[in-house]
Amino acid sequence: MSSYIIKGKVPLRGKVHISGAKNAVLGILAAATMADETVTVENVPDVNDANVVLEALSAIGAKVKHTAAHTVDIDGSTISNYTVDYESIRRIRASYYLIGALLGKYKEAKVALPGGCDIGSRPIDLHIKGFKALGADVELLPGGFIYVKAEKLTGANIFFDTVSVGATINLMLASCMAEGETILENAAKEPHIVDVANFLNTMGANIKGAGTDIIRIKGVEKLHGTSYSIIPDQIEAGTFMIAAAVTGGDVTVCDVIPKHLESISAKLIEMGCIVEEGDETVRVIANDRLKATNIKTLPYPGFPTDMQPQMAVALSLATGSSIVTESVFENRFRYIDELARLGGKAKVDGGTAYIEGVDGFSGAKLIAPDLRAGAALVLAALAAEGISEVEDIVYIKRGYEDFAGKLRGIGALIEEVNSERDAQKFRLKVG
Ligand code: UD1
């Protein structure tokens, strides 16, 4: 099982290029299968979750071809099988987008129920309620499948009780070829919602209001081919911004949309960093010790739950006490015990972590509990004195393209190792 081995305390400096957004690509790859022609998707990140969806699309008969490292052609017109039962798909959350896409296009789908990181209870009741409102029958079958079927899908008014990224995207997929108009109320507003809507519109869909809390979708008869480039990953960019902050570095994250990063930039400025926005760049300079602050995760444009663990690492190294309130998922503090191994001081009470800043961390062996917490532990190790190891990096690879390589590009001492012998070589090399 591979791990990252890291020698910390090197201030990170330089430029890092951000990949396409994981959470946008997962919706877009499913959506691409709804066209009758070939769709070209550019800026596809090379992350495990996206690769699993691509394999699942091939398995149901779509033609999938990488024409360049980050460009994929998808022809969904050859899909002949509406059952997605593929071992890896059970492990990713975004399998649910295949339900919406296949239901929307073929009026039928049988998909293994979603998995994903264990960050709390992750129901799909809002997705199911929405599919039913459009006229679909939904059944949960033995063996962990969801089966949806409709004679006909008809536009409906759907109000989400909770703001849900997944349900909003899924209902855009399921309704964009339904008869009549669908109105989604209390919709999520994340940048990737807008990206999926823009993508569907370039294929001929008629979706208005994405990015606000009311989305109006007028059903169209068919969708056509297009060529589309995915937006940059807000969370990958934010992770590198915090990497600069915790190592006292100076890092320019390139190929980003600075507006998507405002909630993260604002917090880093409050903590004493200098944040300079360019047209497609954000530079973070950390000259002084970070200052404590409080954060509360909220749906966009609030502070993203997917940046909560990384920010908590920065707050653990700040002067004073900070309070971190997680209001989206209830089980997102499993990394706090790992931080304690490095010398972090925090107590968790329900959905709140109370953090006492410490002067520094010292290297330790750590285990990544999930995707974002895993990335946060890598940041903590980069800030720690001495050598750390982060195990179970398979989680990190779900959502970060070449994480170690990109960090090395800005000066980090980090290697992926597969054996104690490799780890020993690294220790000898870094001295
Ligand atoms: C997506 C992202 C994930 C991110 C999260 C919040 C993908 C593949 N994953 O996850 O990285 O952390 O948005 O920004 O895009 N809920 C229900 N019923 C439902 C659906 C959700 O109660 O049917 C609740 C959830 O338990 C959670 C909240 O709604 O408390 C938000 O979840 P949601 O936005 O749906 O997250 P995901 O789409 O799973």
Distance (rounded to the nearest 0.5 Å) between [X] [atom1] and [Y] [atom2]:
X	Y	atom1	atom2	value
Thr162	Asp125	OG1	CG	7.0 Å
Gln308	Lys296	CD	NZ	13.0 Å
Leu103	Leu98	CG	CG	12.0 Å
Leu317	Leu342	CG	CG	9.0 Å
Ile231	Ile18	CD1	CD1	12.5 Å
Ser95	Leu113	OG	CG	7.5 Å

Ring-plane angle category for Tyr400 and Phe403, please: parallel below 30°, perpendicular beyond 60°, tilted otherwise.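 Rings of Tyr400 and Phe403: tilted, 30 to 60°.
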
Is the Tyr82 ring parallel, tilted or perpendicular to the Tyr106 ring (thresholds 30°, 60°)?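 Parallel, since the angle between the ring planes stays under 30°.
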
Quick check: does any side chain N or O of [X] sit under 3.5 Å from a backbone N or O of [Y], one acting as donor and the other as acceptor?
X	Y	result
Arg334	Pro369	yes
Arg408	Ile414	yes
Thr212	Ile214	yes
Arg13	Val251	no
Asp349	Thr352	no
Thr71	Ala68	no
Thr247	Leu12	yes
Glu389	Lys365	no
Ser175	Thr182	no

How far apart are the closest heavy atoms of [X] and [Y], and which atoms are they?
X	Y	value
Gly278	Pro258	O-CG, 3.3 Å
Ala31	Leu200	CB-CD2, 3.8 Å
Met241	Ser265	CE-OG, 3.4 Å
Ala187	Phe160	CA-CD1, 4.2 Å
Val220	Ala205	CG2-CA, 4.1 Å
Asp36	Ser77	O-CB, 3.5 Å

Within 45 degrees of the axis of the six-membered ring of Tyr147 and under 6.0 Å from its centre: does Lys110 put its NZ or CZ there?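 No - Lys110 does not lie over the ring of Tyr147 by the 6.0 Å and 45° rule.
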
Just by distance, with hydrogens left out, do [X] and [Y] show a side-chain donor and acceptor under 3.5 Å apart?
X	Y	value
Asn43	His70	no
Lys406	Ser19	yes
Tyr228	Thr40	no
Thr202	Thr226	yes
Thr297	Glu326	yes
Gln310	Tyr335	no
Asp85	Thr83	no

Please walk me through it: do Glu416 and Ile393 pass side-chain contact (heavy atoms from CB on, under 4.5 Å)? CA-CA 9 Å; Glu416 180 175 335; Ile393 61 172; 3.8 Å; yes

With respect to Val72, which candidate in Thr67, Val25, Val44 satisfies the side chain to side chain contact (heavy atoms under 4.5 Å, CB included) definition?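 Of all the options given, the one that passes is Val44.
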
Does the side-chain contact (heavy atoms from CB on, under 4.5 Å) test come out yes or no for Asp49 and Asn51, once each step is laid out? CA-CA 5 Å; Asp49 276 16; Asn51 294 332; over 6 Å; no

For a 4.5 angstrom cut-off between non-hydrogen side-chain atoms, does [X] reach [Y]?
X	Y	result
Tyr97	Leu29	no
Leu315	Met271	yes
Val84	Leu102	yes
Met172	Ile215	yes
Tyr96	Val111	no
Val138	Ile146	yes
Ile193	Tyr300	no
Ile355	Ile323	no

Determine, step by step, whether Asp402 and Asp46 satisfy the side-chain contact (heavy atoms from CB on, under 4.5 Å) criterion, reporting the C-alpha distance in whole Å, the side-chain angles of both residues, the deciding distance to 0.1 Å, and the verdict. CA-CA 8 Å; Asp402 191 20; Asp46 183 9; over 6 Å; no

Which residue pairs satisfy the salt bridge (charged side-chain N to carboxylate O under 4.0 Å, His left out) criterion with at least one member in residues 171-195, sequence neighbours excluded?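 Pairs touching residues 171-195 that pass the test: Lys152-Glu179.
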
Applying salt bridge (charged side-chain N to carboxylate O under 4.0 Å, His left out) as the test, list every pair that has at least one member in residues 242-271; sequence neighbours left out.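 Listed by first then second residue: Asp250-Arg283, Lys259-Glu262, Lys267-Glu270.
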
Report the residues that fulfil salt bridge (charged side-chain N to carboxylate O under 4.0 Å, His left out) with Lys129, sequence neighbours left out, ordered by chain and then residue number.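 Listed in chain order: Asp161.
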
If you count every heavy atom of other residues, nucleotides or ligands that lies below 6.0 Å from Asp279 atom CG, does the total exceed 12?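 At most 12 heavy atoms, drawn from other residues, nucleotides or ligands, come within 6.0 Å of this atom.
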
Could you tell me whether Asp306 and Lys22 have a side-chain N and a carboxylate O separated by less than 4.0 Å?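 Answer for the salt bridge query: no.
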
Steps toward side-chain contact (heavy atoms from CB on, under 4.5 Å) verdict (Thr38, Ile74): CA-CA 6 Å; Thr38 300; Ile74 296 168; over 6 Å; no

